[in-house]
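Taking it in order: structure first as structure tokens, then the write-up.
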There are 2 protein chains.
Amino acid sequence: MSDKNRLVKSKLLRELYFEEGLTCADLALKVQKSFPLTAKLIEELVSENQVVETGLAPSTGGRRPLTYALQKGEMYLVSVAMDQFVTKIAIMDMQNNFVGPVQKVVLPLPNNPKALSILIEKIKEAIDNSGIEVKKLVGVGIGMPGFVDVKKGVNYSHLHLGNKSITRHISEKIGLQVFIDNDSSLIALAERRFGAARNETNAMVINIGWGVGLGLILNGELFRGHEGFAGEFSHIPLFLNGKLCSCGKMGCLETETSLLLILEKAKAGLEAGRLSMLTSINFDDLEVACDLLIQAVHSGDQFAVELFSKAGYNIGKGLAVLIHLLNPKSIILSGRGSCAGQIWLAPIQQALNEHCIPRLYQSTHMDISTLGLDAELIGAAALVMENFEKSQPALTAQSMGFNVAVN
Amino acid sequence: MSDKNRLVKSKLLRELYFEEGLTCADLALKVQKSFPLTAKLIEELVSENQVVETGLAPSTGGRRPLTYALQKGEMYLVSVAMDQFVTKIAIMDMQNNFVGPVQKVVLPLPNNPKALSILIEKIKEAIDNSGIEVKKLVGVGIGMPGFVDVKKGVNYSHLHLGNKSITRHISEKIGLQVFIDNDSSLIALAERRFGAARNETNAMVINIGWGVGLGLILNGELFRGHEGFAGEFSHIPLFLNGKLCSCGKMGCLETETSLLLILEKAKAGLEAGRLSMLTSINFDDLEVACDLLIQAVHSGDQFAVELFSKAGYNIGKGLAVLIHLLNPKSIILSGRGSCAGQIWLAPIQQALNEHCIPRLYQSTHMDISTLGLDAELIGAAALVMENFEKSQPALTAQSMGFNVAVN
DNA sequence: TCAGACTTTTTTAATTTTTTAATAAGTTTC
DNA sequence: GAAACTTATTAAAAAATTAAAAAAGTCTGA
């Protein structure tokens with residue numbers, strides 16, 4: 001049955017995307033097939049020019065096994081990372097390299113009925129400019145803030161389209177498979193697959209950005225919850241500070257920690273005459289201002305360090321809740337704010353010391369992202385590949401057979 | 001390969017334990033095997049007298065399928081539910097009925113080096129008294145409070161035995177497979193399999209007891225976290241009340257809500273002269289006092305209602321955190337406190353209204369346990385059956401073959 | 001009320017896949 | 001340098017899945 005083998009082949013390609021240099025035995029384990037079958041299918045993929053041999057792995061005491069990787073120049077991904085104001089579009093290859101420059105578009109999301117059509121236009125443009133044949137593009141992955149229902153392909157916060165799925169809509173316009181997810185979830189996916197949470201089964205990935213997002217890796221997989229809204233870390237009611245949050249409630253975590261809050265405090269402090277190397281900073285462009293502030297931290301500017309420390313302590317208070325509830329093995333600080341680096345660790349640890357049962361936090365390891373600002377784009381690409389086998393043509397539910405349909 | 005079929009047969013028996021009256025098609029789906037194979041194995045189980053036909057299921061428009069159930073009198077379970085002071089031991093059949101009376105033993109856990117040997121003695125006694133042949137006993141399931149590492153079989157809070165696994169220790173003494181888990185996890189397991197969370201894929205089960213426990217059902221399975229400590233709901237830092245908690249920290253959820261706290265407040269209130277139908281209550285026996293208090297709630301006693309309402313509101317504040325983080329489909333109130341019934345719902349809903357983003361709590365359904373005080377015993381039994389296929393003899397890792405070993 | 005069309009389950013037969021086994025080739029260790 | 005070990009390849013045997021046919025029961029419409 002050729003269709004069924006096609007499915008296994010897709011799985012093989014997917015595994016090789018997530019990890020290069022696997023041996024036939026590794027692949028057989030990962031796709032849960034026998035060695036002879038796996039070997040046969042890999043051989044076919046090699047002769048189809050989808051996969052190449054990459055030499056021999058080190059011996060473990062016997063004959064050295066052949067390793068495999070994806071053929072270069074055969075498959076590409078379209079990756080889109082949106083925030084409230086700016087959207088980044090990239091074409092990526094199977095080795096997580098950007099093909100051509102990453103395109104930045106100023107595209108405000110809130111109450112912007114034109115946003116969707118502009119987005120589609122810009123994606124088309126990016127594809128055209130790349131000069132890559134459409135048939136070599138596997139699909140489009142999009143990360144965006146808001147309440148995203150992955151299955152329905154809907155974002156309840158932005159890009160409304162009545163009840164229609166925006167993934168289907170974009171897909172129809174562009175002619176490629178389209179997948180969306182929440183920005184923090186995609187950052188977590190990127191860290192899980194290629195970053196600081198690689199191969200972790202139990203990790204909390206914190207997205208320190210204009211708010212504070214959370215992507216949950218539970219049992220090795222991205223956890224999304226009943227409707228896909230899991231990870232609303234920003235709005236857990238943790239403080240009795242009477243500060244009004246953007247969500248309408250009071251005392252949310254976000255009212256005591258976020259890059260936006262740090263910037264506000266920096267502005268207020270400087271206006272009140274705080275001494276700092278930042279005096280001439282311009283707060284109109286948030287991204288630039290944030291980068292400068294992080295630079296100041298690295299240079300040891302006392303005011304900047306103080307601001308980040310306070311924010312860190314409050315993130316730590318939130319993490320104490322997470323640790324109690326989910327007993328994670330590791331916590332990864334990612335997103336834009338993670339560029340500030342080690343500065344976060346001490347104040348967070350301080351908060352854990354104060355607010356956590358020792359047995360719980362002692363076995364939890366904290367780490368800082370290695371992916372930094374690219375995390376969301378990489379995650380959007382990974383999202384497409386996570387769904388790769390489903391997106392392959394010629395695979396109807398029936399042709400996939402009894403067992404597969406169960407999933 | 002007979003060993004491999006033995007594994008599938010174990011899975012079939014397990015599925016029939018969790019749900020009676022399944023058809024062959026149902027079972028084939030659940031064990032992920034083809035219909036012909038499943039049919040063959042069921043036939044074998046019937047002729048081995050392990051399974052019986054239970055008639056025909058209602059038609060869905062065609063031939064009515066045969067249904068199956070476990071043969072009665074062939075398999076039994078030993079189920080143990082411990083709390084800080086009292087331990088309950090029961091023998092259960094495959095239909096969740098108690099065989100003989102549930103044995104209650106006063107067995108204080110904290111700093112009690114004799115607790116383990118007494119426990120073993122009492123379990124032996126219960127088995128002997130039941131008059132059931134040992135070979136018909138599938139295993140022993142034990143629920144207890146504290147930090148339980150399910151995999152290692154260790155409880156870091158009670159019943160210390162150096163570094164040795166207490167499950168293995170008990171197993172050696174009794175000659176049966178033994179499994180342990182945290183009490184709240186087992187209550188969640190019971191609700192997931194037989195109670196208000198039946199077949200839910202995403203549920204939070206709250207154990208309202210002397211503390212406030214939590215069992216997480218995520219993706220249809222009990223979630224335990226990295227070391228098995230997930231669900232420490234009682235000690236999330238949620239209040240700025242300056243009250244010292246038993247864990248050494250301040251402001252834990254437990255300092256503002258729990259049956260113990262309600263009892264304390266009731267005592268203090270009555271001593272201060274609050275009018276109530278409870279005036280003659282004796283607070284020395286916690287269980288009795290708690291039952292009386294719950295009775296008072298059902299009778300509409302204003303003071304009792306007030307106490308439970310306040311506690312409910314604070315549970316609701318904790319639930320708001322859970323809903324933000326995990327976006328559950330349903331929340332089940334279980335454990336001893338759930339006997340108070342509907343009284344909890346209004347104050348909890350009130351707290352959600354105040355502390356939750358509407359989109360999140362609107363799709364979350366709240367429910368009250370139907371299992372009540374038996375939940376932990378049923379959960380302990382279910383724990384044994386969850387592990388049934390692993391606990392079958394004649395199944396070495398090698399005989400299970402390549403694919404199975406992957407898991 | 002009773003054919004006959006239609007569903008669904010069960011059984012049987014054919015196909016495919018996985019296992020198993022045997023052999024060859026390359027590494028490491030003693 | 002031989003023995004032990006691991007991977008790769010091939011072929012034959014065993015087992016499971018899939019597909020097709022038969023059986024059993026429901027439902028519809030005269």
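Naming: A, B, ... by sequence-line order, numbering from 1 per chain. This is a predicted model, so every value here is computed, not measured.
With distances taken from any side-chain atom of B:Lys40 to the nucleotides C:dT19, D:dA16, D:dA8, the minimum falls on D:dA16. Nearest nucleotide to the side chain of B:Pro36, out of D:dT17, C:dT19, C:dT10: D:dT17. Distance from the side chain of A:Pro65 is smallest for D:dA8 among the nucleotides D:dA8, C:dT18, C:dT27. Counting only heavy atoms from C-beta on, B:Asn5 has its side chain closest to D:dA16 among C:dT27, C:dT18, D:dA16. Relative to the side chain of A:Phe35, the nucleotides C:dT18, C:dT10, D:dT9 differ in distance, and D:dT9 lies closest. If you check C:dT18, C:dT27, D:dT18 against the side chain of A:Lys33, the one that comes closest is C:dT18.
Ionic pairing of B:Glu386 and B:Arg192 is not present here: no N-O contact between side-chain nitrogen and carboxylate oxygen is shorter than 4.0 angstrom. Salt-bridge annotation for B:Glu48 and B:Arg6: present, with a side-chain N of the basic residue lying under 4.0 Å from a carboxylate O of the acidic one.
Atom CG in A:Leu66 sits about 15 Å away from atom P in C:dA25, given to the nearest Å. Residue A:Glu53 contributes atom CD, which lies 13 Å from atom C1' of D:dT7 at whole-angstrom precision. A:Leu22 has its CG atom 16 Å from the C1' atom of D:dT7, to the nearest Å. We find that CD of B:Gln32 is positioned 13 Å from C1' of D:dT17, with the value rounded to whole Å. B:Arg64 places its CZ atom 21 Å from the P atom of D:dA23, with the value rounded to the nearest Å. Residue B:Leu41 contributes atom CG, which lies 14 Å from atom P of C:dT11 at whole-angstrom precision. Between the CD atom of A:Glu43 and the C1' atom of D:dT7 there is a distance of 15 Å, given to the nearest Å.
Ring-plane geometry between A:Phe194 and A:Tyr17 is classed as perpendicular, the angle between the planes exceeding 60 degrees on a 0 to 90 degree scale with a lower cut at 30.
Without hydrogens or angle criteria, B:Thr364 side chain to B:Pro328 main chain gives a donor-acceptor distance under 3.5 Å.
Taking the six-membered ring for Trp and the full ring otherwise, the centers of B:Phe179 and B:Phe388 sit at least 6.0 Å from each other.
Annotation: of the two residues near DNA chain C, A:Leu37 and A:Leu56, the 5′-most nearest-nucleotide partner is A:Leu37.
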